[in-house]
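What follows is one structure encoded as structure tokens, with my remarks underneath.
Hydrogens, waters and symmetry mates play no part in the numbers below; they use all other heavy atoms, side chains included.
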There are 2 protein chains.
Amino acid sequence: MNAVAGDGVRPDLAALVVPLGRALMAAEQPVLAEHGLTMWGYAVLSHLDERPLRTQTALAEAIHADKTRIIAVLDDLESRGLLNRRPDPQDRRARLLSLTPEGRRLRDAVRAAVQNGEERLLGRLPVADREAFLRSLITLYEISQGRPAR
Amino acid sequence: MNAVAGDGVRPDLAALVVPLGRALMAAEQPVLAEHGLTMWGYAVLSHLDERPLRTQTALAEAIHADKTRIIAVLDDLESRGLLNRRPDPQDRRARLLSLTPEGRRLRDAVRAAVQNGEERLLGRLPVADREAFLRSLITLYEISQGRPAR
DNA sequence: TATTGTTATACTCTATAACTATA
DNA sequence: TATAGTTATAGAGTATAACAATA
């Protein structure tokens with residue numbers, strides 16, 4: 001038996017959450033690759049929601065990336081017509097970021113495929129636990145990101 | 001509001017789990033540093049349970065590390081008298097790994113401190129959700145590591 | 001002078017390949 | 001010849017520092 005099975009000592013949360021996260025990311029990879037997206041590219045598309053963002057720095061912070069890291073990602077997505085990056089007329093240092101219709105379509109398709117895979121995993125939880133798990137996960141996520149739980 | 005708050009689209013599991021894992025690890029750091037442990041050092045101590053392991057390669061696999069990655073870690077822990085690493089008399093290529101009493105003490109102390117912090121976080125969940133969350137997390141972890149759920 | 005975006009550089013972490021010793 | 005452990009090297013990913021444009 002391994003330490004997780006339960007010999008009185010519960011495993012560290014981090015020792016459960018981190019490997020689970022790695023596995024989820026690994027499961028995403030083939031789906032992303034099919035659509036020619038890297039993880040960072042998908043993160044950008046996912047975060048660039050309906051309304052545009054005003055600076056690249058803000059976007060970088062939102063997805064926990066360095067501002068220099070996402071530049072090549074934005075270059076790629078822009079060149080593929082998935083997002084627009086135009087100088088803000090109000091402040092021409094900043095770049096207004098927004099998804100193109102194709103970008104939105106791709107994001108939705110990939111998200112659906114990713115979540116479809118995740119649903120299969122979640123489906124193995126007892127229905128009773130499942131909702132509580134998702135709710136708790138969201139709560140802990142919010143707290144961990146410094147946002148107060150409701 | 002952000003995408004997590006709930007505008008009909010649930011966030012990807014990975015987008016919740018991975019950042020949560022990062023935050024949990026970050027929260028562990030100060031505790032580990034206090035005891036002069038790196039994350040890998042703690043992973044080794046945590047996994048080296050009561051009974052010894054027969055090879056370093058097995059240990060490396062168990063903690064999802066490359067066999068070459070843990071060598072410096074083992075060197076350090078051994079030099080500090082926290083673990084024993086002696087050639088297996090049966091097959092002198094292999095190294096039998098076991099914790100010393102001090103190693104076990106340190107592991108227990110650090111684990112207690114780490115889990116104490118985690119309990120504070122878990123304490124912010126409704127009691128009703130909390131057990132379901134832990135149970136689900138362990139189940140999903142096991143599945144993600146290729147072990148069949150019960 | 002401060003800020004946005006960018007480029008070039010350096011650094012950290014990790015895996016690969018090559019070596020020693022045992023079998 | 002195959003395997004366990006080790007060392008040295010190369011590679012990927014990341015952040016830091018320096019720069020150009022704009023305010």
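Here B:Trp40 does not reach the OP1 or OP2 of C:dT12: none of its side-chain N or O atoms lies under 4.0 Å away. OP1 and OP2 of D:dA23 both lie 4.0 Å or more from every side-chain N or O belonging to A:Arg93. OP1 or OP2 of D:dT6 has at least one side-chain nitrogen or oxygen of B:Arg85 nearer than 4.0 Å. Between A:Thr57 and C:dT3, a side-chain N or O to OP1/OP2 separation shorter than 4.0 Å is absent.
The interatomic distance linking B:Met39 (CE) with C:dT12 (P) rounds to 15 Å, in whole Å. Nucleotide C:dT22 holds its P atom 16 Å from the CD atom of B:Gln90, rounded to whole Å. For the pair A:Ile71 CD1 and D:dA15 P, the computed distance is 13 Å after rounding to whole Å. A straight line from CD1 of A:Ile70 to C1' of C:dT7 spans 15 Å, rounded to a whole angstrom. Rounded to a whole Å, the CG atom of B:Leu59 is 12 Å from the P atom of D:dT6. With rounding to whole Å, A:Asp88 atom CG is found 13 Å from C:dG5 atom C1'. Computed from coordinates, the A:Leu53 CG to C:dG5 C1' distance equals 15 Å when rounded to whole Å.
B:Trp40 and B:Leu82 fall within the same hydrophobic cluster, defined by Ile, Leu, Val, Met, Phe, Trp and Tyr side-chain heavy atoms under 4.5 Å apart, directly or through other members. Follow the hydrophobic side-chain contacts under 4.5 Å out from A:Val18 and you never reach A:Leu121; the two are in separate clusters.
Taking the side chain of B:Lys67 as heavy atoms from C-beta on, and the options D:dT6, C:dT7, C:dT4, the nearest nucleotide is D:dT6. Of the candidates C:dT14, C:dT16, D:dT14, the closest approach to any side-chain atom of B:Arg69 belongs to C:dT14. In this structure, the nucleotide among D:dG5, C:dA15, C:dG5 sitting nearest to the side chain of B:Asp66 is C:dA15.
Between B:Thr139 atom OG1 and A:Arg130 atom CZ the span is 13.5 Å, to the nearest 0.5 Å.
For a distance-only test at 3.5 Å, the side chain of A:Arg92 fails to qualify as a donor-acceptor partner of the base of D:dT22.
Residue order along DNA chain C, read from the 5' end via each residue's closest nucleotide, puts A:Gln56 first among A:Gln56 and B:His64.
A:Asp66 places a side-chain N or O within donor-acceptor distance of the main-chain N or O of A:Thr68, the cut-off being under 3.5 Å.
In this structure, B:Thr55 and B:Leu97 approach most closely via the heavy-atom pair O-CD1, 4.1 Å.
A:Asp91 comes within 4.0 angstrom of sugar-phosphate atoms only, judged by non-hydrogen atoms across all strands, and of no base.
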